[in-house]
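See structure below.
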Amino acid sequence: MRWHYACGCLVSAAGALAMLQAEDMAQQAVVKWLYPHYSPPSRQPAEVPSYDMLQCELWVWAEQGLLHTGSLHLCVFAGEQEGRSTSICETLQKLGLVTVQLPLQSFSGIVALSAQLRFQDSGSGGILPNVTPLRDAVVVREDEVKLQKSLRPLVSPSPLGPGNPFVEWWSGYRTGPVVGKMSHYFDIYHKYFEKYRGSNLHFLEIGIAHGGSLQMWKAYFGPSLRLTGIDCCPWSGIREELEDKSTVLFFGDQADKGFLGNVVAAIPTIDIVVDDGGHHGFQTIAAFEMLFPHLAPGGLYVTEDTHASYSSGYQGDRGQPAGVRRQGTWAEYVKDLIDGLHGHSNSSTGALLASILSIQIFEGLTLIEKRTHSRHLPREVIAGSEFFASGAAERHAIAPLTLSWGES
C-alpha cells in the first residue's frame, strides 16, 4: 500500500498536553474511513469496483496538544480470511484527508480494513519502521470496515436504456479525479437535466471533493456550461487542477450564510444546484435557504443522499439520535415545505413557499423546482353544462346565471 495527503489542517488546542491516558487521548483524535464505508443501516461489506489498485480515503484529526508531546502514526491493515494480508504505518506529517492505495488485485474475497491512529511519546525514542507497526505506541483511535469486489458492472443497466449519457460517460471514465454517485441518480438527472444540454447553463455544486463530478457535468451539458463549485476542504493545487475559464471554486462552510452570501454576490443567477456537501441537516437547510432564492425562474434544486436524515452519523440538530421524524433533519424540513404548499406553513419556511412550484422525492434524493411566475392561490374551475345528481340516474342541466347591472 501507499498513500499521500490530499488536505492538511490542524485544529488549535490550548497549550501542550502532558501525560495522557489512552482513554483521554481518544477524546483528542479521530480516524474515520470515508471510502469505502458502510452504507446505513446495513453493515454488509461495501462493494467496490474490481480495480487492481483501489484508492481508499481516511479522515484523520487530532488536537494539536498531542503533537506537542509526541508523534502520531497511522497504521492501516488489510486482510482476508484466506490469510492474505498487507499493512503500512507512517508518521503523520499533516492531518486531514489521507488517501491509501490498496493493491486490490492481491485479494479475492471479503477484505477487512482496519485503520489505527497511534501515539508515541516523544521520550520513548525510536524511529517508525517503514511497514512494521509500532510496538511501543498507544492505539488512540481505530476504525474498521469490510469491502468486497463487485462482480457486477460499475453501473447497473439504466431503465432509460443505453441512451443515458451519464451511464455512458461513467462506464468509460477510468482516469481523472475520483467521483462517487449513487447509480440510480443518473436516470433522475437525465430525465430532468436533458432540456438544459447545450444551453448557456449556470450549474452550482456543493461538495466537489476530488473534482471528478465537475468533469461529469462538463461532459453532459457541453462547452457552454458555467460551473461554480463549493467545498469545505481544499487540497493542495485544487485551483490549478480544476479551475478554468468556465469553472470557479469557493471554499468555506455551507452552513455559514455569510459565506454563501458572498458566493451569490460574486456569481450570476443559478439554473441548477446540486447539494452533495456535508449532509447534516443544519448544513443542507442553511444552503437551501440561501441559494434557492438565487435560482433562475424554473430552476432546479437537488439535494443528494437524503438518507443521511435517518443516520446516527448525521445528527440533524447535532444532538438527537437517529430515526424518523427527527427534528432538524433535511427530511423533516422538506415535510414542513410540503405542509406549507397545502396552506400550513410555519415561520421558517413561509417566505420560500411562494416561489416553489413542486417538490419531488426519490430514494435518497429530493428535487425542488422553482416557479416561473408569481404564485396564485389555488381555485377550483368547472367546465361543461351537465351533471349527474347524487343517487339519481337522470342528467341535470346547469341553468345559466345572468345578472344585469341595477337589479336588486
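Computed over heavy atoms, backbone and side chain alike; hydrogens, waters and symmetry mates excluded.
- Side chains of V98 and L74 form a contact here, defined as non-hydrogen atoms less than 4.5 Å apart.
- Two residues are said to be in side-chain contact when any heavy atoms from C-beta on lie closer than 4.5 Å; Q360 and S358 meet this criterion.
- Taking OG from S246 and CG from N200, the interatomic distance works out to 11.5 Å, rounded to the nearest 0.5 Å.
- No donor-acceptor pair under 3.5 Å is formed between the side chain of E80 and the backbone N or O of A112.
- Here the side chains of C56 and W33 are in contact, with some heavy-atom distance below 4.5 Å.
- Once rounded to the nearest 0.5 Å, the distance linking CD1 of I359 with NZ of K335 reads 13.0 Å.
- Taking both residues in full, the closest heavy atoms of D271 and A296 are given as OD1-CB, 3.6 Å, listed atom of the first, atom of the second, then distance.
- With K370 contributing its side chain and P297 its backbone, the two residues share no donor-acceptor pair below 3.5 Å.
- Taking the six-membered ring where tryptophan is involved, the planes of F193 and F221 are tilted, since the angle between them lies from 30° to 60°.
- Within the structure, salt bridge (Lys or Arg N to Asp or Glu O under 4.0 Å) contacts touching residues 220-229 (residues at least two apart or in different chains) do not occur.
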>> Using salt bridge (charged side-chain N to carboxylate O under 4.0 Å, His left out), reason through R239 and D244 one step at a time and then give a plain yes or no.
In response: CA-CA 8 Å; R239 290 194 185 277; D244 53 37; over 6 Å; no

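- Here the CD-CD1 distance, from E332 to I285, works out to 9.5 Å after rounding to the nearest 0.5 Å.
- Not less than 6.0 angstrom separates the ring centroid of W169 from the ring centroid of Y220.
- The closest side-chain donor-acceptor pair between H202 and T228 falls under 3.5 angstrom.
- You'll find the side chain of V111 stays beyond 4.5 Å of the side chain of K146, heavy atoms only.
- In this structure, L353 CG and R371 CZ are separated by 9.5 Å, a value rounded to the nearest 0.5 Å.
- Side-chain contact check for Y185 and D305: at least one donor-acceptor pair (N or O, by modelled atom type) lies under 3.5 Å.
- Of all non-hydrogen atoms in L242 and P177, the two that sit nearest each other are CD2-CG, 4.5 Å.
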> Given V334 and I338, is the side chain to side chain contact (heavy atoms under 4.5 Å, CB included) satisfied, shown in steps?
Replying inline: CA-CA 6 Å; V334 171; I338 295 172; 4.3 Å; yes

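- W61 and L117 make their closest contact through O-CD2, 4.1 Å (heavy atoms, listed as atom of the first residue, atom of the second, distance).
- Without hydrogens or angle criteria, D275 side chain to V302 main chain gives no donor-acceptor distance under 3.5 Å.
- Taking the side-chain hydrogen bond (donor to acceptor under 3.5 Å, both in side chains) definition, one finds that Y301 meets it with nothing, sequence neighbours left out.
- Side chain of Q254 to main chain of Q283: a donor-acceptor pair is present (N/O by atom type, distance under 3.5 Å, no hydrogens or angles).
- Counting all heavy atoms, side chain and backbone alike, I206 lies closest to A287 at CD1-CB, 3.8 Å.
- Between I88 atom CD1 and H73 atom NE2 the span is 14.0 Å, to the nearest 0.5 Å.
- Checked by atom type and distance alone, the side chain of Y189 never pairs as donor or acceptor with a backbone atom of H184 at under 3.5 Å.
- Across P165 and R197, no two heavy atoms sit closer than the pair CG-NH1, 3.2 Å.
- Using a 3.5 Å distance cut-off with no hydrogens or angles, the side chains of H307 and S309 do not pair a donor with an acceptor.
- Between the side chain of R118 and the backbone N or O of V139 there is no donor-acceptor pair closer than 3.5 Å.
- Listed for the W59 side chain is no donor-acceptor partner under 3.5 Å among the backbone atoms of L95.
- The closest side-chain heavy-atom distance from V248 to L227 is not below 4.5 Å.
- No hydrogens or angles considered: a donor-acceptor pair under 3.5 Å links the side chains of Q116 and E142.
- The closest side-chain heavy-atom distance from W170 to V179 is below 4.5 Å.
- No more than 12 heavy-atom neighbours from other residues, nucleotides or ligands sit within 6.0 angstrom of NZ on K32.
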> Could you walk me through whether I368 and I356 pass the side chain to side chain contact (heavy atoms under 4.5 Å, CB included) check?
Replying inline: CA-CA 7 Å; I368 301 179; I356 294 177; 3.9 Å; yes

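- Distance alone, capped at 3.5 Å, is enough to place a donor-acceptor pair between the T306 side chain and the L365 backbone.
- Of the possible polar contacts, one joining the S355 side chain to the L352 backbone as a donor-acceptor pair under 3.5 Å is found.
- Rounding to the nearest 0.5 Å gives a distance of 6.5 Å between CZ of F251 and CG of D231.
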> Taking it one step at a time, do T247 and K218 satisfy side chain to side chain contact (heavy atoms under 4.5 Å, CB included)?
Replying inline: CA-CA 10 Å; T247 305; K218 289 178 181 180; 3.2 Å; yes

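- Aromatic pair Y333/W330: ring centres closer than 6.0 Å.
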>> With side chain to side chain contact (heavy atoms under 4.5 Å, CB included) as the criterion, how do Y310 and T329 come out once you've worked through the C-alpha distance, each side chain's angles and the decisive distance to 0.1 Å?
In response: CA-CA 8 Å; Y310 306 92; T329 65; over 6 Å; no

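- Between W217 and F203, the ring planes lie tilted relative to each other; the angle falls in the 30° to 60° range.
- Within the 4.5 Å cutoff, the side chain of D276 has no heavy atoms near those of the T303 side chain.
- Two residues are said to be in side-chain contact when any heavy atoms from C-beta on lie closer than 4.5 Å; V31 and L58 meet this criterion.
- Heavy atoms only, all atoms of each residue included: A255 and F282 are closest at CB-CD1, 3.9 Å.
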